[in-house]
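Below: the structure, in structure tokens.
The basis for the numbers below is simple: all heavy atoms, side chains too, and nothing from hydrogens, waters or symmetry mates. Start at 1 with the first residue, then count along the sequence.
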Amino acid sequence: MNFAPQKVEMQRRADGTILLRSPQKLGSYARCVTEWLVQWSDKAPDRTFLAERVGERWKKLNYRETYGAVRRIAQALLDRGLGPERPVAILSDNGLDHALLALGAMHVGIPVAPVSPAYSLMSQDFGKLKYIFELVQPGLVFAADAQKFAPALAAVGGKSTSVAELLETNPGSTQEREHSKVRPESVAKILFTSGSTGMPKGVVNTHRMLCANQQMLAQAWPLVEARPPVVVDWLPWNHTFGGNHNFNLVLRNGGTMYVDAGKPVPGLVDITARNLKEVAPTMYFNVPRGYDLLLPFLEKDAELRRNFFRDLDVLFYAAAALPQNLWDKLQKVAKAEGRSPAMLSAWGSTETAPLATSVHFPMERAGVIGLPVAECELKLVPAAGKLEVRVRGPNVTPGYYKRPDLTKLAFDEEGFYRIGDAVRLADAADPAKGIVFDGRVAEDFKLSTGTWVHVGAVRVKLIAAADPLIQDAVITGHDRSEIGALVFLSPGTKDMSLVALRDRLAAVLRKLADEGGSSMAPRRLLLMTEPPSIDANEITDKGYMNQRAVLERRAALVEKLYSDSPDVITS
């Protein structure tokens, strides 16, 4: 594997603040995202860029076909009066039409706002969708299935325009002129992220952010330039992981992306397994929950296992901590095929395009999130017994769309973005060994004894100890004498008797208690019967649990957890 040197520059300040930066200088990068498309249309016109399953076959677009379609769509959008102040809104899932429309808009300086389909299809009141439309005021709306999205479109007074209609336009000099005007500071995307409370925030993603971040990634992982990546990916393009990190990695390096219609949920993960049985990826990206659900397929299906690992260089996880037991199982199935793909991770957010750190060195176990990428600085500020991390660099957002109030609050006096996470050095004596994610600063709390509880570490430890019973858990105990947890069970527990399940979980609590440490061992559990709500902001469509929102919405259940109710599981 060809990786950047494992080095970092560190500076300590008198107040305990630590500054970390890469010794690498950032190389030159593209002016705008679609410069990559123009480049590969010339260099490898017949290479497949995008593929989407249609029935039993894959519908494919090569680079030349994609560029031709993008020019047509760009002209059509300009003809309809769209521009920097009249963005495109995309409501539907990943797909060829979604990709073409987004690239067509960005090609001529029209921002694209991909919106989580969950806000249209899983919401009961369309509250978040209405807020986004009022903020963005899109000049054109696209939903791949207008009938399925009809209630959502009616709620916002919108009408879907088909990509086929846009493709009927002949490209002219207007789109060429507007393309030449796109600058690094031009807005490429408006990506929406939800905090623990309130409505989604529109994160401005400029072309500079996206192009610089891919150069940062390539310098950390030179292997992406040596071998055009082949990726089978489900991660949603309305999120920065799928839409910026993965999609742009493929485009920037002349690779091929197979759009996976699967999802990390029971039933839909079967689609992912089928796709991976047909297409051998060179790099595979997922969230921990996705690996958890895919693993049984890899363990049971020898044909799938052979094809999946055949050409695989990298197994990558992000968006949440990977439990060590899952890490070990993934390594075991890889070794069964005589393969040892690099297990890699990274860290960042929608506001950092997304990479701020990258693992570009061998890891022996889960937890390390890498070192700063080139020209991206980290500032570690002491806070509540931890180190709050802040970020500065060309990959960082200039702010929130039409919300100068939120933008002002997001940056400190030195221009570092306040991301809200905490980190620590993996080895205090050797910072080059990387940093470790240490939870969300806002999620940690103190017990009534004054002891700090680091929520992220407790959650991972509980899930690993109960493997495979618990899908996720929300940790409780603020100003109480002991830690508890609201537990969401794995689908595989549905056939277990409640008595057997409670006995197993009680044994887990005893085991954790025996390991010691009141700040690391939950003493009581309460099983959740209602799944987390996306309308209430309890969970994202990537499966990330919002600790604060769950605790606020289920405050009565937290009180029950600390009562003498027979429903409470104790050791």
For Trp347 and Asp421, does a side-chain donor sit closer than 3.5 Å to a side-chain acceptor? yes
Ring centres of Tyr119 and Tyr131 under 6.0 Å apart? no
Tell me whether Glu185 at atom CD has more than 12 heavy atoms from other residues, nucleotides or ligands lying less than 6.0 Å away. yes
List the residues meeting salt bridge (Lys or Arg N to Asp or Glu O under 4.0 Å) with Glu538, not counting sequence neighbours, and say none if there are none. Arg553, Arg554
Closer than 3.5 angstrom, by distance alone: can the side chain of Ser186 be matched with the main-chain N or O of Gly109 as a donor-acceptor pair? no
Do the rings of Trp221 and Phe285 sit parallel, tilted or perpendicular, given the 30° and 60° boundaries? parallel
Distance (rounded to the nearest 0.5 Å) between Lys189 NZ and Thr397 OG1: 13.0 Å
Taking atom CZ of Arg365 as the centre, report whether more than 12 heavy atoms of other residues, nucleotides or ligands fall under 6.0 Å from it. no
Counting only heavy atoms not in Lys7 (residues, nucleotides, ligands), do more than 12 fall under 6.0 Å from its NZ? no
Between the side chain of Thr34 and the main-chain N/O of Leu37, is any donor-acceptor distance below 3.5 Å? no
Can you check whether Arg548 reaches Glu443 side chain to side chain, under 4.5 Å on heavy atoms? no
For the side chain of Gln324 and the backbone of Ala366, is there at least one donor-acceptor N/O pair under 3.5 Å apart? yes
I'd like to know if Lys379 and Glu414 make a salt bridge, using a cut-off of under 4.0 Å between side-chain N and carboxylate O. yes
Between Gln219 and Gln24, a side-chain donor and acceptor under 3.5 Å: yes
Can you list, pair by pair, the side-chain donor-acceptor contacts under 3.5 Å of residues 422-430, counting residues two or more places apart and other chains?
{"unit_1": "Asp427", "atom_1": "OD1", "unit_2": "Ala429", "atom_2": "N", "d": "2.9"}
{"unit_1": "Asp427", "atom_1": "OD2", "unit_2": "Lys433", "atom_2": "NZ", "d": "3.3"}
{"unit_1": "Asp430", "atom_1": "OD1", "unit_2": "Ala432", "atom_2": "N", "d": "3.3"}

For this output row, return yes or no: ring centroids of Trp237 and Phe247 closer than 6.0 angstrom. yes
Check each of Pro394, Pro398, Pro184, Pro354 against Met209 using the side chain to side chain contact (heavy atoms under 4.5 Å, CB included) test, and report the only one that passes. Pro398
Would the distance check show the side chain of His207 and the main-chain N or O of Val33 forming a donor-acceptor pair, the cut-off being under 3.5 Å? yes
Quick check: does any side chain N or O of Arg183 sit under 3.5 Å from a backbone N or O of Ser180, one acting as donor and the other as acceptor? yes
When you check the gap from the basic side-chain N to the acidic O, do Glu388 and Lys386 get nearer than 4.0 Å? no
Answer yes or no: is there an ion pair linking Arg252 with Glu225, defined by an N-O contact shorter than 4.0 Å? yes
Answer yes or no: is there a donor N or O on one side and an acceptor on the other, between the side chain of Asn395 and the main chain of Thr352, under 3.5 Å? yes
Under 3.5 Å donor-acceptor, Arg339 side chain and Leu312 backbone: yes
Side-chain donor-acceptor pair under 3.5 Å between Glu35 and Gln39, yes or no? no
Just by distance, no angles: are the side chains of Asn213 and Asn244 close enough, under 3.5 Å, to form a donor-acceptor pair? no
